[in-house]
Amino acid sequence: MNSPFSHSLTMPVGTTLDRYIMQRQLAFAYATGELSQLLRDLALAAKIVHREVNRAGLIDLTGGMGLQNVQGESQQKLDVVADIRFRRALTNGGEVCALISEEEEDIIYTGNNQGKYVVAIDPLDGSSNIDVNVSIGTIFSIYRRVTPIGTAPTVEDFLQGGHEQVAAGYILYGSSTILVYTTGHSVDGFTYDNSLGEFILSHPDIKTPTDGAIYSCNDGNVDTYEPAIQTYLTMCRRKEYTARYIGSLVADFHRNLLKGGIYLYPPTSKNPDGKLRLLYECYPLAFLAERAGGKAITSSGSVLDVQPQYLHQRAPLYIGAPSMMNELTQLLRA
Ligand code: AFP
C-alpha cells in the first residue's frame, strides 16, 4: 500500500547503538550481556557529557578548576564533570569492579566486586581545547579482570597488556558527536541524533585507507624529535602531504582513520617518554587502528606488545595508515 506520507517522514532512522549491541551479543553463543550493559553505560555517560560540552559556555562550565591532575596538568571544569559522569555510570551499571582515569592517581573502586570488568578511561581528552569550542573526546579501554570475582580488584587487573583488551573506543564531541568502538571484530561508528537521544549506526565496519596524505604532529616540538622522525617529516613535506593537527588526540585520530593519515607524538625534550598515556590513550587507539587495518607503534615496536609497568605510564605513539607507517618504521629501524 502506498503511504500517504512523504518519503522523508517515514524513512527508517537506522540502527540504534542499543539494538546493534544486542544483535552482536546474540551472535555469540556464550555472551552473558554484561559487556553489552557496560557499553550501554558508557553510551549513557557520553550522552550526558555531550550535553554538558554543548552548553558549557552557558552554565559556567568553561575554564579551569585551579587544580592539577595526577599528570601535573591543570584540570578544567569539564574534565572533572566528565570524570564524575563516567565514573557514576560505570558504578551504577554494576558490571565494572574498578576503573582508572586520567584524572585520578589511584584505582577507583566501584564497590561492585562481582563485576567482571575493569575500565581505563580518559574522560575528556584535549581539554585545552574546551574553552575555544574545538573538538574534544573520551577514550576508553575495557578488560576482563584477572583477579577472582568477588574479591577486591588490584593493579594487576589494569596491567594486562594491550592484546588483552576486550573492547576499546572513543567518543568525539565534534561538529557532531560520534561514538566509535570495537570488541575486536569490526570497528563501528554511531553518530548521536540529538532529537532522538540515540546513537545511530552511521559508519559500519570502518576500514582505514591503505595509504594516506595527512600527517599530524605538534610542529613546535619538531626540533627536539629524534633524527629519524625529522627525516620522515621532511619526506612528508617533500611529498606535499597535508599537515593537520588539532591537539585533541581523538579528533586527530578520527580524521586520519577515515581519510588516511599518520599521527605522531614522539619523545620530546619536555616529555622524553612521550606525552600520551599508554593505558587509556595508546592501547585503545592502537586496538581500534589495527582492527581497522591500520598500524600503531611506539619506540620499541608494536604498541599492543608493550608490557605496562604502572598505571599512568606514558609512551611515544605513531599511528595510522599502513603504508605511511611502513615508511616511518623503515626510517626508525635504519
Ligand atoms: P590536554 O588534554 O592537556 O589538552 O592534552 C591533550 C593530549 O593528551 C592529546 O589529546 C593531544 O594530542 C596532545 O595532548 C597534544 O599535546 P601538545 O599540546 O603537546 O601538542
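Start at 1 and go down the list; that is how both ligands and their atoms are numbered.
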*Partners passing side chain to side chain contact (heavy atoms under 4.5 Å, CB included) against Ala45 (at least two apart in sequence or in another chain)*: Phe86, Ala89

*Could you give all pairs that pass the ring-ring contact (aromatic ring centres under 6.0 Å, His included) test and reach residues 43-66, with sequence neighbours left out?*
His50-Tyr192

Is there a donor in the side chain of [X] and an acceptor in the side chain of [Y], or the other way round, less than 3.5 Å apart?
X	Y	value
Thr16	Asp18	no
Arg244	Thr242	no
Gln37	Asp41	yes

N/O contact list for ligand 1, threshold under 3.5 Å:
| unit_1 | atom_1 | unit_2 | atom_2 | d |
| --- | --- | --- | --- | --- |
| ligand 1 | 2 (O) | Gly126 | N | 3.0 |
| ligand 1 | 2 (O) | Ser127 | N | 3.0 |
| ligand 1 | 2 (O) | Ser127 | OG | 3.3 |
| ligand 1 | 4 (O) | Ser127 | N | 3.3 |
| ligand 1 | 4 (O) | Ser128 | N | 3.2 |
| ligand 1 | 4 (O) | Ser128 | OG | 2.9 |
| ligand 1 | 5 (O) | Lys275 | NZ | 3.4 |
| ligand 1 | 8 (O) | Arg277 | NH2 | 3.4 |
| ligand 1 | 10 (O) | Asp125 | OD1 | 3.2 |
| ligand 1 | 10 (O) | Asp125 | OD2 | 2.6 |
| ligand 1 | 10 (O) | Leu249 | N | 2.7 |
| ligand 1 | 12 (O) | Leu249 | N | 3.3 |
| ligand 1 | 12 (O) | Tyr263 | OH | 2.7 |
| ligand 1 | 14 (O) | Lys275 | NZ | 2.8 |
| ligand 1 | 16 (O) | Lys275 | NZ | 2.9 |
| ligand 1 | 19 (O) | Tyr265 | OH | 2.6 |
| ligand 1 | 20 (O) | Asn218 | ND2 | 2.8 |
| ligand 1 | 20 (O) | Tyr245 | OH | 2.5 |

_Residues clustering with Met22 (ILVMFWY side chains joined when closer than 4.5 Å, directly or via others)_ = none

